[in-house]
*Asks:* 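Take a look at the following structure, please.
Just so it is clear, the structure is predicted and the values come from calculations on it, not from any experiment.
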Amino acid sequence: FAVAQDRESSGHRYYHAVEVNGLFEFSNIGIGGGAGIHEIHGCQFNPHWVLAMGVGFDYLYHKGVNYFGEPFKEDDFAFKLYANVRYFILKERKWTPLIMLSTGYFGIYEQSVRFRGLSPNNGIWEHGFMANLFLGANYRFHTHRNLYFGIVGGFDMPLSGFSIKIGMSF
């Protein structure tokens, strides 16, 4: 308990957040929608800056017409592991603008709905680099408890689109 007090008095504290995402994907071949849940752990260095690591799982269903002119329906299951930097613009206010930058690794399993259940090898794994930017607002309702919401854009190849994020930090 004394260690926790020393960290608090030095300005550093443990940061934990849970986020829920609403996903919207669109491209020249189709549209999609889905949901995700993410958990963030890190350190808040001062009232403005947080440096953390996140892990998340997203589900996206999308449909459209592929490059060969054939209609398709697909389920995507994504796993993300990333670094996260947060900046609270105003100090010690109930409401403040919030900016987040996340960058890291993603893996996506794509499962075609048309062929689900016919073959164990009909899914495709893709992976790579992801980066996105969050712009939103933070509401502080207790000393270390915040509710935040906003919009996220960036790239998690092969997905393109945006998401709406709602989170709570402890």
*Asks:* Check whether any side-chain heavy atom of Leu98 sits under 4.5 Å from a side-chain heavy atom of Ile89, and report yes or no.
*Replies:*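 They are not in contact (no side-chain heavy atoms under 4.5 Å apart), so the answer is no.
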*Asks:* State plainly whether the residues Glu19 and Lys80 are in salt-bridge range, i.e. N to O under 4.0 Å.
*Replies:*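 Here Glu19 does not pair with Lys80 in a salt bridge, since their nearest N and O are not under 4.0 Å apart.
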*Asks:* Are Val152 and Phe88 connected in the hydrophobic side-chain network, where two residues link if heavy atoms are under 4.5 Å apart?
*Replies:*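 Same hydrophobic cluster.
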*Asks:* State which residue, out of Tyr15, Phe134, Trp49, fulfils the side chain to side chain contact (heavy atoms under 4.5 Å, CB included) condition with Arg86.
*Replies:*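 In the set Tyr15, Phe134, Trp49, the residue that makes a side chain to side chain contact (heavy atoms under 4.5 Å, CB included) with Arg86 is Tyr15.
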*Asks:* Give the ring-plane orientation class for Trp95 versus Phe149, where under 30° counts as parallel, over 60° as perpendicular and anything between as tilted.
*Replies:*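 Taking Phe149 first and then Trp95, their aromatic rings stand perpendicular (interplane angle over 60°).
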*Asks:* Are more than 12 heavy atoms, taken from residues, nucleotides or ligands other than Ile166, located less than 6.0 Å from that residue's CD1 atom?
*Replies:*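 Open: at most 12 neighbouring heavy atoms sit under 6.0 Å from CD1 of Ile166.
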*Asks:* Hey, mind stepping through Tyr139 and Arg93 against side chain to side chain contact (heavy atoms under 4.5 Å, CB included) and telling me if it holds?
*Replies:* CA-CA 8 Å; Tyr139 176 72; Arg93 302 284 173 110; over 6 Å; no
*Asks:* Specify the closest pair of heavy atoms between Ser163 and Leu23, including all atoms of both residues, with the distance to one decimal.
*Replies:*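 Result for this residue pair: CB-CD2, 3.6 Å.
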*Asks:* Under the criterion ring pair (Phe, Tyr, Trp, His ring centres under 6.0 Å), I'd like the reasoning laid out for His12 against Phe45: C-alpha separation, chi angles, the key distance, then a yes or no.
*Replies:* CA-CA 5 Å; His12 295 76; Phe45 294 99; 5.3 Å; yes
*Asks:* Judged by modelled atom types alone, do His16 and Glu39 share a side-chain donor-acceptor pair under 3.5 Å?
*Replies:*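 A donor-acceptor contact under 3.5 Å links the two side chains.
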*Asks:* In a check of side chain to side chain contact (heavy atoms under 4.5 Å, CB included) between His38 and each of Val18, Val55, Asn21, which one passes?
*Replies:*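 The residue from Val18, Val55, Asn21 that satisfies side chain to side chain contact (heavy atoms under 4.5 Å, CB included) with His38 turns out to be Asn21.
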*Asks:* Are Ile40 and Met100 linked, directly or through intermediate hydrophobic residues, by side-chain heavy-atom contacts shorter than 4.5 Å (ILVMFWY only)?
*Replies:*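 No; Ile40 is not reachable from Met100 via cluster members.
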*Asks:* Asn132 and Ser102: side chain to side chain contact (heavy atoms under 4.5 Å, CB included), yes or no, with the steps?
*Replies:* CA-CA 5 Å; Asn132 58 47; Ser102 298; 3.4 Å; yes
*Asks:* Got a donor-acceptor contact below 3.5 angstrom from the Thr96 side chain to the Lys91 backbone?
*Replies:*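 The answer is no, because no donor-acceptor pair under 3.5 Å joins these two groups.
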*Asks:* Less than 4.5 Å apart, side chain to side chain, heavy atoms only: is that true for Met168 and Phe141?
*Replies:*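 A side-chain contact under 4.5 Å exists here.
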*Asks:* Phe57 and ring-ring contact (aromatic ring centres under 6.0 Å, His included): which partner among Phe106, Phe79, Tyr109, Phe77?
*Replies:*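 Exactly one candidate clears the test, Phe79.
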*Asks:* Give the cluster check for Tyr87 versus Leu90: same hydrophobic cluster or not, with ILVMFWY residues linked at side-chain heavy-atom distances below 4.5 Å.
*Replies:*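 The answer is yes; both residues are in one hydrophobic cluster.
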*Asks:* Closest heavy-atom contact between Gly32 and Leu60?
*Replies:*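 So the minimum-distance heavy-atom pair works out to C-CD1, 3.9 Å.
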